[in-house]
Amino acid sequence: MLMSQLYAPTLREVPAEAELISHQLMLRSGMIRKSTAGVYTYLPLGLRVLHRVMDIVREEMNRADGQEIMLPIIQPAELWHETGRWEDYGAEMFKLRDRHERLFCLGPTHEEIITALIRSEVRSYRQLPLRLYQIQNKYRDEIRPRFGVMRGREFIMKDLYSFDKDEEQLQESYTAMYEAYERIFARCGLDTRPVEADSGTIGGDMTHEFMVLAESGEAQVVYCDSCSYAANVEKAEVRLPEVEGEDAAETMQAMARVDTPGVTTIEQLESFLGSKADRFVKTMLYMADEKPVAALVRGDHTLNEVKLQKHLGCTTLALADSTTIEKVTGAPVGFAGPVGLSLPIVADCAVPVVRNAVVGGNERDLHLTGVNFERDYNVDTVGDLRQAEAGDGCPRCSGTLVEAYGIEVGQVFKLGTKYSEPLNAAYLDESGRERLLLMGCYGIGVSRTVAAIIEQNHDEDGICWPVSVAPYQAVVIPINPKDETQRDAAEAIYRSLSAESVSVVLDDRNERPGVKFKDADLIGFPLRIVIGPKTLANGQVEIGIRKTKEKYTVPVDDAAQEAAKAIQR
RNA sequence: CGGGGCGUAGCGCAGUUUGGCUAGCGCGCCUGCCUUGGGAGCAGGAGGUCGGAGGUUCAAAUCCUCUCGCCCCGACCA
């Protein structure tokens, strides 16, 4: 490819709309352009990278016995009514009507449509296991699309669905996918970490998310500093603390009322009373399936709503509004406490052991001190309700949890019968008995993966593509294309590289060297071959490695061969 | 959906408060000269429904009303 012909409109300045480095670089290097919020056009460079990632995904899916298909984007509403997700997905779905007023949606995911396909085609255990996948556009009307292709409303996803006859076979599928994912992300040059996760609206009992650890990640994860435990904070368990000796030994004080005018937050309370938040008990009022419930966590802890919802076994959970709070506690927001509260109370494990706690007094401007579990208040149930955080004990070993942010690039789910049951997808087993198919689904955000690769592979000058996904592996730059010797040498090297199946761009533009170097760095060609007067005088050309900034010279005649060798490494 | 901000040339912005001549600047783009190891220089040039609609006024980028879009924070989410 000639640079003069390549449609890669690079930008010198950072577009105002882009905040994330990957978004800025994708726009600046001419990979993408925005069409409308959360919807992007891929220009040649962007599309080439997408294809490289897709190629890797395909290879690994095929290797794991996946068979590629293509499911429709437009899906009939009826199917979604059958699983109840027409409502559950709600405003998140792009919905449309045809001329006969029939309702459709643009597929946000494809469990329904594939299960509907399979239920009429798969009849026997002999046809199992079956693993089908596609690489397809998905549509989700995100509340707030942002970060370029990282969170778009139209995005590309690889989704594989597994159909198995029993739990053992499902586990094999799950493991095969898990391992395929590790290979895919490694081949993409990504440092990922699988973490245990909550299954959210997709449902199912076991799931891992594959996280690219990055400052810009939207998901918070914790991982152990000494074993392999890692989990999304929504899911992360907390090792129960041993009853702290000094706390338990402390003598119980008498409960006392303290006037705390206008003190409604933990921070204010800390400075007002001059004591630490770990001596406080926070009382949060929730509406669980429309009924009020109080949840207690220690002052310095954060309540985890996912855990609370599971603990309560409710289907809806939301913080109570201020009117409700005043009605059930008798005090404005900020003064709720467990003492004398007559509604269901659940407490995090760390709460009962707090001696002489400070709690809200259920009266305006009042808190109570010296409050003790059982003597002064009681709870209905105790459980793990709080968010894990850095410094907590690992639930699997004696290590300590560390916090990090991650970009979720993939997720594997065991779905079980969540979709085969409502959609009635069954097969006949060895004994002729009808049984429900066990399903799994396994997604990779392909477009998001491209952005994640940039997040992990860039420097102040631009992108540093791993060779495996680079839009072109090398660029050949003659310093002065008007110099015949340089031009001829450059063209010869360019042709030899092409002949050796190295994807290469020849920067034949009549630009000054600085411009070409800047563009090459920005676009991120892994390898750069510079033909200039300095080295050519000695019959040499320069090979430069984008990522390491390493440079060395080789004889002109060996250039293509040496470059190809460098790309192999 | 709540809060905040922004729409002026391909990109980045000034001008709007206090209405006034032909709407500016930098980068990019085109032509020529010149230059060629890190976004050079000189000269000339093209490019604008000032997001849209309506209104006020002798006069609107500027004031008023409505509307569309985009960005950020929050709630939500793979």
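A note on names: the letters A, B, ... follow the listed sequences, proteins ahead of strands, and every chain is numbered from 1.
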A:R151 side-chain N/O to B:A78 phosphate OP1/OP2 under 4.0 Å | no
A:L43 has an atom CG; how far is it from atom C1' of B:G10, in whole Å?
-> 13 Å
Which whole number of Å gives the distance between the C1' atom of B:C21 and that of B:G44?
-> 26 Å
Scanning all shown strands, the Watson-Crick or wobble mate of B:U49 with both distances under 3.5 Å is none
The side chain of A:R146 lies closest to which of these nucleotides: B:U36, B:C72, B:C70?
-> B:C72
If you find the nucleotide of RNA chain B closest to A:M157 and the one closest to A:K34, which residue's nucleotide is nearer the 5' end?
-> A:K34
Using Watson-Crick geometry (N1-N3 plus N6-O4 or O6-N4) or G-U wobble (N1-O2, O6-N3), each under 3.5 Å, B:C63 is paired with B:G55
Which value, in whole Å, describes the distance between the P atoms of nucleotides B:U16 and B:G2?
-> 31 Å
Salt bridge check: are A:K291 and A:D289 linked by an N-O gap of less than 4.0 Å?
-> no
Hey, does A:G152 reach any base, or is it just sugar-phosphate, or nothing, if we go heavy atoms under 4.0 Å?
-> base
Rounding to a whole Å, what distance do you find between A:E17:CD and B:G5:C1'?
-> 15 Å
A:L20 has an atom CG; how far is it from atom P of B:C71, in whole Å?
-> 13 Å
Which of the following nucleotides, B:A75, B:U36, B:A78, is nearest to the side chain of A:I143?
-> B:A75
For B:C13, the Watson-Crick or wobble counterpart (both distances under 3.5 Å) = B:G24
Is A:E13 side chain donor-acceptor paired with the B:G28 base, going by distance under 3.5 Å alone?
-> no
Pairing partner of B:G69 (Watson-Crick or G-U wobble, both distances under 3.5 Å) | B:C6
Using the P atom in both, what is the distance from B:G51 to B:A14, to the nearest Å?
-> 13 Å
Would you kindly give the OH-to-C1' distance between A:Y139 and B:A78, to the nearest whole Å?
-> 16 Å
Evaluate whether atom CD1 of A:I74 has more than 12 neighbouring non-hydrogen atoms of other residues, nucleotides or ligands under 6.0 angstrom away.
-> no
P atom, B:U49 versus B:A9: distance in rounded Å?
-> 8 Å
Is a donor-acceptor pair below 3.5 Å formed from side chain A:E142 to base B:A78, judging by atom type as modelled?
-> yes
Could you give the CD-to-C1' distance, from A:E234 to B:C77, as a whole number of Å?
-> 9 Å
Test item: side-chain donor near acceptor, A:H301 and A:K282, under 3.5 Å = no
Against the side chain of A:E511, the closest entry in B:C27, B:C29, B:A78 is B:C29
Do A:D459 and A:R546 meet the salt-bridge criterion of a basic N to acidic O distance under 4.0 Å?
-> yes
Can we say A:R151 and A:E19 salt-bridge, meaning some charged N sits less than 4.0 Å from an Asp/Glu carboxylate O?
-> no
First locate atom SG of A:C188, then atom CH2 of A:W465, and finally report the distance between them rounded to the nearest 0.5 Å.
-> 10.0 Å
Taking atom P in both B:G74 and B:U56, what distance in whole Å separates the two?
-> 44 Å
Which whole-number value in Å describes the distance from A:N510 CG to B:G32 P?
-> 11 Å
Can you check whether A:T535's main-chain N or O pairs, donor with acceptor, with A:E542's side chain at less than 3.5 Å?
-> no
Can you give the donor-acceptor pairs under 3.5 Å from side chains of residues 552-560 of chain A to other protein atoms, not counting sequence neighbours?
unit_1	atom_1	unit_2	atom_2	d
A:T553	OG1	A:Q540	OE1	3.2

For B:G52 and B:C42, measure between their P atoms and round to the nearest Å.
-> 36 Å
P-based separation of B:G12 from B:C71 [nearest Å] = 13 Å
With B for base contact, S for sugar-phosphate-only contact and - for none (protein heavy atoms under 4.0 Å), nucleotides 37-44 of chain B reads BBBB----
Indicate whether any N or O donor in one side chain lies under 3.5 Å from an N or O acceptor in the other, for A:K414 and A:Q171.
-> yes
Atom CZ of A:F147 and atom P of B:C70: how far apart are they, to the nearest Å?
-> 17 Å
In whole Å, what separates the C1' atom of B:G47 from that of B:A23?
-> 14 Å
Could you check which nucleotide pairs with B:G74 in any of the strands shown, counting Watson-Crick or G-U wobble with both distances under 3.5 Å?
-> B:C1
Think A:T36 has a side-chain N or O under 4.0 angstrom from the OP1 or OP2 of B:C70?
-> yes
Checking N1-N3 plus N6-O4 or O6-N4 for Watson-Crick, or N1-O2 and O6-N3 for wobble, each under 3.5 Å, the partner of B:G32 is B:C42
What is the distance, rounded to the nearest whole Å, between atom CG of A:L160 and atom P of B:A78?
-> 20 Å
